[in-house]
Each structure stands twice: as C-alpha cells, then as structure tokens.
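By convention here, the first residue in the shown sequence is residue 1. Note that the structure is a prediction, hence the values are computed from the model and not measured.
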Amino acid sequence: MCVILCSWNLFAGSMKSWSLDENIDAKGFDDLEKPLLETREDDTPGRLGLLTPQINDIKSFDSKIKRSLKTIMVSPLHANLINANEIEETRIEVNELKGEEISECRIKIKGMTCTSCSQSVEHALQMVEGVKKAIVGLALDEAKVLFDHIFVDTNKIIEAVEDAGFGAELVSSRNDMNKVHLKLEGPRFLIQCVHEASSGHSVYQATLHTNSGNRASEKLNEIRMYRNQVLLSCLFSVPVFMFSMILPMLPPYGIWLNYKIHNMFTLGLFLRWILSSPVQFIVGKRFYLGAYHSLRRWSANMDVLVALGTNAAYFYSVYVVIKTLTSATFQGQDFFETSSMLISFILLGKYLEIMAKGKTSAALEKLVQLVPDKAYLLDFDTNGNVVGETEIDTELIQKNDMIKIVPGAKIPADGIVIKGKSCVDESMITGESRPVNKVPGDKVISGTINENGCLLVKATHVGSETALSQIVQLVEAAQLARAPVQKLADDISRVFVPIVVAAAFITWLGWFIPGEAGLYPKNWIPKAMDSFEFALQFAISVLVVACPCALGLATPTAIMVASGVGASQGVLIKGGDAVEKAHKVKIVVFDKTGTLTIGKPVVVRVVLFSKFSMEELCDMTISVEANSEHPIAKAVVAYAKRRRKSFGSSSKDQVLDVNDFEVHVGSGVSGKVKEKTVLVGNKRLMHAFDIPISSTVETYLSENETLARTCVLVSIEGKIVGAFSVTDPVKPEAKSVVSFLHSMDISTIIVTGDNWATANAIANEVGISEVFAEIDPLGKADIVKDLQMKGMMVAMVGDGINDSPALAAADVGMAIGAGTDIAIEAADVVLVKSNLEDVITAIDLSRKTISRIWLNYIWAFGYNILGMPIAAGVLYPFFGIRLPPWLAGACMAASSLSVVSSSLLLMFYKKPLKMDYGLSSV
C-alpha cells in the first residue's frame with residue numbers, strides 16, 4: 001500500500017493530510033497534483049510565507065482518484081477551504097483531525113495520607129480524557145499533569161481530584177510561568193502610565209500583584225490546622241484517659257466515677273461517652289470522609305484502618321452503654337479511651353510529620369527566597385548618561401534593562417557587568433564560599449550578593465529564565481519525580497491494607513474462639529472483660545499499628561532532602577531515577593575540552609631565541625595580535641599585557657600602531673610595527689615567508705607537541721625571536737577527582753574529538769589509561785552504548801553540543817554548568833560550578849540517598865514486622881505483654897516520624913572531596 005502524507009505545520013501544530021491507499025505510482029500522483037492543489041500565501045498577520053493547500057475542483061478530484069482515496073482528514077483551521085458535503089457525496093469519509101497540544105500544570109492535593117492515596121489520585125487523573133501523564137508526589141502533596149488542552153482544562157482536572165475525595169488547588173501552569181500578574185493587566189510602562197494619569201484629587205495607583213507567598217502561607221495554615229485539631233482532640237481525650245486509667249485508682253475519685261446513675265450505668269462511663277463522642281465524630285470526621293472516598297474507589301488506605309479501629313472500639317463501647325442502661329447485672333469494659341486516644345495520637349503524629357516534611361524542602365525554600373523584592377532601574381538620556389534611577393519590583397525587570405547593584409544588595413537578574421568592580425558571594429548558588437571577582441564583561445547570577453563595589457549590570461535573563469529559576473524548577477521536578485525504588489512501596493501498599501484487615505480479623509478469631517472454648521486460662525483476661533472484648537483489643541491494635549504511612553514516605557522524603565542539599569552545593573539531580581542510577585555507576589566517561597580542561601587557551605610559557613628583550617617581544621606581539629579575533633591570539637595578547645605590566649612598563653595599555661596588517665588563515669597574522677615586519681603564527685606561516693627555523697626552535701616545538709601545547713612563533717625582520725606556548729590547561733582538580741573515582745572502584749576513560757597526541761597527553765596528566773580520540777558526536781554515543789552492552793552503568797560528563805548525544809545515551813548524563821543549554825537539557829545531573837569535584841559529589845550523594853531510602857524501609861518495615869506480632873498478642877502468653885490500641889496508635893505515629901527524621905539526616909551531608917581552592921578560572 002502506498003501512503004502519501006501532505007502536511008503543513010501551523011502555529012497550533014494543526015495539520016491537514018490526505019491518506020491515500022491502493023497503488024498510486026509517483027507519476028500518477030504528479031499528474032493529479034497540478035490540477036488539484038495550489039498554494040497561496042496566507043494573509044494572516046504573523047504567518048507570512050506559510051503555504052496553505054486549497055482544493056479547487058472537487059469534481060475533478062473525485063473523477064481521478066475516488067476509487068483509491070478512502071479518507072480525507074481536515075484540521076479545523078482548514079475546514080473552511082473544503083466543502084465537506086461535496087466530498088461526502090463522493091462516498092469519501094470526512095474526519096476532523098485535531099492537533100495535539102501538550103500543556104502542563106501543578107496541582108496542590110489536600111488530604112493524602114499514604115501511598116494508597118497518591119495512587120488513587122494518580123489513577124483518577126489518568127482516567128480523565130486528554131490527560132497524557134500524571135505524577136503525584138506524596139511528600140510534596142502535589143501532582144504534575146501533562147494534558148491536551150483541546151480535550152481538558154485545569155478546571156476538569158481539579159474536578160477529577162475532588163471527585164476522588166481529595167482537595168485540589170491549581171499551583172501553576174506552564175502557560176503562566178512568564179506572566180506578570182497585576183491588579184490591572186499590562187507590562188511595566190502601564191503602571192507608569194496609570195501613575196502619570198493622576199491629576200488633582202484624582203489619584204490612580206497600580207501595584208504588582210504576586211502569589212509568591214501563597215505556598216508558604218498554605219503550608220503554615222496546614223500546620224496550624226493540624227495543631228488545632230490535636231489541641232481540640234486532647235482537650236477531650238486526655239480527660240477520657242484520666243477518667244478511664246488514672247482516677248479510678250485514686251480515692252475518692254474512683255468512688256465518684258463508679259457511682260451508678262441507672263442500673264449498671266456509672267458516672268465514669270457517662271463522662272467517657274460524652275467526652276469521646278466529639279473526638280470520634282468531629283475531630284475524627286476526616287477519617288470517615290477519607291475512608292468513604294477510598295472505599296468508593298474500591299481501594300483502602302490509612303483512613304480505612306483508622307476508621308475500622310476507632311469505630312470498633314467506639315461502637316462496642318456504645319453497646320456497653322446500652323447494656324448497662326438496660327441491665328442491672330451486666331458488667332463490661334468500655335473502650336472510649338481507646339478510640340479517643342487513638343485519634344489524638346494519629347493526629348499528633350501527622351502534625352509532627354508535616355512539621356518534619358516542611359524541613360525536607362528547606363533548601364529549596366532558601367533558593368526561592370534569594371531573589372530580592374526590589375531593584376534599581378537606571379534611566380539614560382540620548383547620550384547614554386545616567387539621568388535617574390527608579391525602584392521597581394524585581395518581577396518587572398525586562399531584558400536589556402540596566403540595573404544598579406549597591407554593596408550588600410542581592411542581584412535581581414542574570415546579567416553582564418557593564419561598569420564597576422566588586423566581589424560577589426555566589427555560595428548560595430554554587431556552594432563555593434570564596435567570593436568571586438567581577439569586572440566589566442563578567443556574568444552575574446540572580447540571587448547572589450554583591451559584597452563591596454557598586455555594579456551596573458545589563459539584564460540578560462529575567463523571571464523564569466534566570467539560572468536561579470531554572471535551578472528551582474529542576475529541583476521541584478526532581479522532588480516530584482518518582483524513583484524506581486518507590487515501586488516497592490507502591491506494590492506493597494496495593495495489598496497491604498486488605499492483608500492487615502485480614503490479619504486483624506484472624507487475630508480476633510485467634511483469641512476469641514480459644515477463649516470461648518477455654519483453651520487458655522481465664523486469668524489471662526483482665527477483670528471486667530470477656531473473651532470477645534479481650535480479642536477485640538488485640539484486633540484493633542493490629543489494625544492501627546500496621547499503618548502504611550511510613551512506607552509511602554520512605555523514598556520521597558529522602559529524594560526531597562537529597563535534591564535540596566545537592567542544589568545548595570551546586571549539584572542539580574533531575575529526579576529519583578537519576579539518583580538510583582547514579583549510585584550504581586561503574587565507569588565515568590569524560591569529554592576533554594571544557595570538562596577535564598578549562599576550555600579556553602592559556603599561555604603557559606614564553607621563551608626568547610635572540611637578543612630581543614622580553615618587553616620588546618611583548619610590545620611587538622601585542623601590536624599585531626590585538627587585531628586578531630582568534631581565541632589563541634586573545635590568549636597571547638592577554639598574557640603579553642600581563643608580562644609587560646610586570647616589567648613596570650610606562651606604556652601600560654598603549655598599543656603600537658601596525659601597518660599592512662594581514663590575516664593568514666590557518667597560519668597566523670603579519671604586519672609592520674615601527675617599520676619592522678612582524679610575523680606571529682605557527683610553523684606553516686614561517687615556511688610561507690621563508691623564515692629559517694633553527695634546531696633550537698625545532699627542539700622546542702617537538703617538546704611542546706609532546707605536551708599537547710600549541711607554539712606561537714614570533715618573527716621580527718626575518719628571524720624567529722621568541723615563542724609562546726599555548727594550551728588548554730587541565731583543571732586543577734581533575735587529577736584528584738580521577739584518583740578519588742578509582743578509589744571508589746569506578747573506572748574512567750576519555751572520549752574526545754581532539755587528536756591522539758593531545759588526548760594522550762591530557763590522559764597521562766590526569767591519570768586516565770583508556771583513551772578514545774578523534775571521535776565525532778555520534779561516535780561518542782556509540783562508545784557509551786558499547787560500554788552499556790558490557791553490563792556497565794555508565795556516567796558521561798560533558799559540556800558541549802557535541803556531547804549531547806552521549807549525555808542522552810548514558811545511564812547518567814552529567815553536564816558542566818558552564819556548558820551549552822543543549823548539553824544541560826540532555827543531562828540527568830547538572831554541575832552548576834563546572835567543578836569536577838561535583839562528579840564525585842553527585843555519585844556519593846546518590847549512594848548516601850539510596851542507602852538512606854533502604855534504611856527508611858527498614859524503619860517502616862521494622863515497626864510493622866515487630867509491631868504486628870506484639871499487637872496480635874504473641875508475647876502475652878509468655879510475658880504478659882500486650883499493646884493497647886492507644887499505644888499502637890502512638891507507635892504508628894512514631895514510625896512515620898522516624899522515617900521523616902531519618903531522611904532529614906541527609907541535610908548534614910558533607911562532600912567526600914573538597915579541594916583547597918574555589919572555581920577554576922583564568
């Protein structure tokens with residue numbers, strides 16, 4: 001079958017296509033094309049040059065190919081060009097083809113308590129038509145949803161979450177990321193226009209409206225809500241506990257509480273009933289609602305277990321109340337203190353858990369708070385002179401704005417220093433404590449602190465485009481992403497609650513039936529209890545102690561803390577998948593240029609071959625090379641100027657005039673300085689001008705070639721008088737990093753597009769034995785794949801566009817922060833400081849995080865494995881030890897708290913390798 005597809009890509013990605021089957025040869029279609037299709041320029045503004053197909057003659061169309069054409073698919077944008085009725089008359093089916101546009105939003109989910117809840121929300125979202133992918137993060141209480149807005153909008157998504165029994169609120173949408181929200185719409189100049197419109201008594205104001213504090217206030221409100229619920233619950237449950245456990249043993253209170261109001265109905269029982277009821281039905285309402293929505297979805301979560309346990313205790317106690325009111329001889333034990341204390345302990349545990357969870361994202365919150373609220377915008381006249389400055393909101397800064405940064409102020413946007421010198425503290429972004437010198441031409445990062453001098457900065461990236469915003473977005477995405485190790489908890493939680501309910505029922509049967517049959521001594525049963533009540537206590541304890549909350553928190557809390565800590569130390573890890581793979585890395589593949597080396601040429605040595613002085617050599621070289629834009633020429637000029645300054649030259653930055661300047665492509669430059677012919681370039685340039693090369697010079701050239709250095713020869717008046725040795729120097733930390741990786745049992749190799757001599761020289765210098773040189777970008781990816789075929793977990797470290805295929809192919813791609821956007825996009829880990837030490841940090845932090853996750857699982861499973869048998873009464877026949885339901889509730893709360901606390905210990909992570917210097921720079 002031959003299928004021919006004609007598509008025209010418009011703004012919304014819509015397309016118009018004809019699907020033709022049967023056998024239509026190329027010549028036949030060419031004959032059809034001319035009379036059937038013509039193109040015209042679309043007159044729509046903003047779409048100049050787009051060509052839109054138009055069918056002129058449907059009848060002709062039908063007569064020529066109606067036997068072979070089966071379906072025409074027409075997009076909504078082009079439907080007006082075709083008369084669908086005419087096509088249908090030819091017995092051709094007409095279908096509308098809608099373009100797919102993927103949008104993204106983040107939803108705040110309220111009411112999730114365990115992994116089962118997050119899975120229920122995720123399932124509800126994925127069932128919505130148009131939703132392509134939904135990821136729900138339990139630790140963040142958020143969902144990230146990718147959807148086709150043609151079929152569904154955010155309102156329907158929120159409605160789906162609410163139908164599942166949870167609260168939902170829109171946090172952000174990708175379409176809103178670059179919008180500025182004002183009390184009236186418009187950009188910065190609109191605010192100024194509003195102010196200028198004021199006259200006399202008519203004063204108009206327009207201010208920036210921001211939602212930046214909403215998330216923090218929502219978290220604070222949630223903490224306050226749980227605190228108030230705990231206090232309210234304790235207000236009733238503590239007296240119930242006192243009336244049940246403490247006061248009956250203290251005269252005369254015991255006598256008062258045992259006072260019989262009617263039949264066997266005592267004052268103590270009445271007080272316990274009255275005080276426990278508000279806890280059960282008002283404070284505990286959330287558990288009823290959660291259990292209802294969970295069971296309605298044919299699933300079970302923590303709320304189901306709590307509701308079962310507390311209802312069993314409460315309603316059995318109500319049965320006791322009824323019996324005591326109607327019988328003059330009935331004696332039974334109520335469990336009002338069990339239900340009320342159980343709810344109180346669970347809420348207390350949830351309150352402490354939320355407090356601890358808030359600390360897991362503390363590093364991220366600190367990053368968000370780095371951006372200052374205000375900035376000083378400079379105004380210029382037509383001559384470029386500063387005529388004034390205006391204090392504006394940081395969110396109103398636009399690209400190319402000139403911003404004044406005073407000493408001690410935070411930098412509000414990414415930019416380039418135009419004027420001024422200062423030191424900037426970048427520790428909050430890079431993790432490096434040493435201040436970085438900034439001079440005109442240097443880049444500055446939003447959120448960093450200007451320490452002493454005043455800087456004038458030209459904004460290059462603002463809003464969501466700044467490095468800090470990108471870091472925050474990466475960390476948020478990492479915290480929301482689910483690690484593969486989380487699958488263990490997900491799989492267990494699906495069957496955990498039904499198993500626990502079954503175990504509780506079996507426990508009840510295991511104590512009730514033998515008790516009724518007299519298979520264990522009657523003195524095992526406490527006074528005022530019968531075998532039913534005794535067995536019920538064990539069953540309720542089993543229900544409560546085995547809550548799966550801790551299991552669901554084991555992975556996401558550790559990932560949250562690790563990603564935040566990594567970001568604060570200059571390592572951005574893109575999600576749990578990257579963490580899990582990084583800890584298994586067995587081989588690291590390094591690019592050379594810009595990765596192991598600094599990435600730009602530097603002069604490392606200069607020699608003289610004649611009686612010319614060093615100062616004269618530098619003067620002549622600067623004069624000629626200053627006119628060249630080649631990177632090596634710039635490196636030579638910069639070095640020569642520094643050397644000249646070290647001689648105390650009075651000429652300072654003065655450059656001698658050069659005449660007859662000429663660029664010799666691939667060789668060097670030439671010109672006349674003080675009537676002397678000066679050549680600066682390689683050996684090829686010397687040969688081209690018949691400049692003799694002595695044996696001394698040849699020896700020097702050979703030595704430098706062995707060291708992977710480029711020699712720049714300088715000839716004056718037909719004689720080589722000196723040479724500059726240029727190289728791309730190895731980063732000072734490279735050798736130590738490679739050695740440390742080897743100590744971690746991780747192999748290293750170099751894969752580079754550079755020549756073999758240079759690659760081998762660099763490899764020998766840093767201590768890497770395996771080298772692949774003269775490799776193109778796809779070849780790098782192939783080498784990575786070959787290593788993977790050998791069963792190795794491969795990490796690739798690179799910085800350039802040519803590294804992006806290998807970064808994407810590697811199990812863990814690590815992009816140097818100073819590299820290209822494409823490389824950073826393809827990577828799993830971004831090393832913000834461009835420091836190779838952070839390769840070790842990324843791997844070591846991943847190992848520590850995975851170890852912490854498994855330790856969390858041990859805590860979570862440990863409580864259940866030890867707690868369930870004790871709650872079921874295994875130790876009771878031997879030691880008389882049993883776990884009352886209210887104490888089981890305390891243990892359940894402690895399990896969640898211990899897991900979160902265990903994850904928080906990652907906040908004290910220290911780098912395994914810390915060199916004694918800051919950022920590598922030239």
Roughly how far, to the nearest 0.5 Å, is the CH2 atom of Trp854 from the CZ atom of Phe861?
-> 8.0 Å
Does the side chain of Ser903 pick up a donor-acceptor pair with the side chain of Thr557 at under 3.5 Å?
-> yes
Is the CH2 atom of Trp273 crowded by more than 12 outside heavy atoms at less than 6.0 Å?
-> no
Roughly how far, to the nearest 0.5 Å, is CD of Gln119 from CD of Gln126?
-> 10.5 Å
What is the minimum heavy-atom distance between Ile850 and Glu580, and which atoms define it?
-> CD1-CA, 3.8 Å
Do the rings of Tyr288 and Phe281 sit parallel, tilted or perpendicular, given the 30° and 60° boundaries?
-> parallel
Side-chain contact test, heavy atoms from C-beta onward, threshold under 4.5 Å: evaluate it for Cys105 versus Phe147 and give yes or no.
-> yes
Any luck finding a side-chain donor-acceptor pair between Tyr909 and Thr849 under 3.5 Å?
-> no
Distance-only side-chain donor-acceptor flag, Asn856 / Thr555, under 3.5 Å | no
Might you point out which heavy atoms bring Ala558 and Ile853 nearest each other, and give the distance in Å?
-> CB-CG1, 3.6 Å
Working to the nearest 0.5 Å, report the span between CG of Leu267 and CZ of Arg272.
-> 9.5 Å
For the residue pair Val136 and Ala143, what are the closest heavy atoms and their distance?
-> CG2-CB, 3.9 Å
Determine whether Val145 and Val131 make a side-chain contact, defined as any pair of heavy atoms from C-beta on separated by less than 4.5 Å.
-> yes
Sub-4.5 Å side-chain heavy-atom contact between Val321 and Leu269 | yes
Hey, do the aromatic rings of Tyr520 and Tyr876 have their centres closer than 6.0 Å?
-> no
Quick one: does Glu337's side chain get under 4.5 Å of Ser237's, heavy atoms only?
-> no
List in chain and number order the residues that pass side chain to side chain donor-acceptor pair (under 3.5 Å) with Glu516, two or more places apart in sequence or in another chain; answer none if no residue qualifies.
-> Ser531
Under 3.5 Å donor-acceptor, Ser244 side chain and Val240 backbone | no
Tell me whether the centres of the aromatic rings in Tyr253 and Trp256 are closer together than 6.0 Å.
-> yes
Do Asp148 and Lys132 come within less than 4.5 Å of each other through their side chains, counting heavy atoms only?
-> yes
Only one of Asp141, Val161, Leu289 clears side chain to side chain contact (heavy atoms under 4.5 Å, CB included) with Phe166; which?
-> Val161
SB check Lys110 Glu169 (cutoff 4.0 Å) | yes
Hey, are the side chains of Pro239 and Leu271 touching, using non-hydrogen atoms and a 4.5 Å cut-off?
-> no
Closest approach of Met907 to Val565 (non-hydrogen atoms, all atoms of both residues) = CA-CG2, 3.7 Å
Does the side chain of Leu275 come within less than 4.5 Å of Phe243's, by heavy atoms?
-> yes
Is any side-chain heavy atom of Ser901 closer than 4.5 Å to a side-chain heavy atom of Leu905?
-> no
So, Ser902 side chain and Ser898 main chain: donor-acceptor pair closer than 3.5 Å or not?
-> no
Are a donor atom and an acceptor atom from the side chains of Asp303 and Tyr292 found within less than 3.5 Å of each other?
-> no
Are Trp508 and Phe538 close enough that their ring centres sit under 6.0 Å apart?
-> no
Do Asp530 side-chain atoms and Phe532 backbone N/O form a donor-acceptor pair below 3.5 Å?
-> yes
What about the rings of Tyr314 and Phe335, do their centers lie closer together than 6.0 Å?
-> no
Distance, nearest 0.5 Å, that separates CG of Asn258 from CE of Met264 | 9.5 Å
Check the pair Asn155, Glu159 against side-chain contact (heavy atoms from CB on, under 4.5 Å), reporting the backbone distance first and the verdict last.
-> CA-CA 6 Å; Asn155 291 330; Glu159 185 180 338; over 6 Å; no
Check: Trp511 side chain, Gln537 main-chain N or O, donor-acceptor pair, under 3.5 Å = no
So which heavy atom on Arg286 is nearest to which on Leu347, and how close?
-> CD-CD2, 3.9 Å
Is the shortest distance from a Lys or Arg side-chain nitrogen in Arg106 or Glu142 to a carboxylate oxygen in the other one below 4.0 Å?
-> yes
For Glu162 and Ala168, the nearest pair of non-hydrogen atoms, with its separation, is OE2-O, 4.0 Å
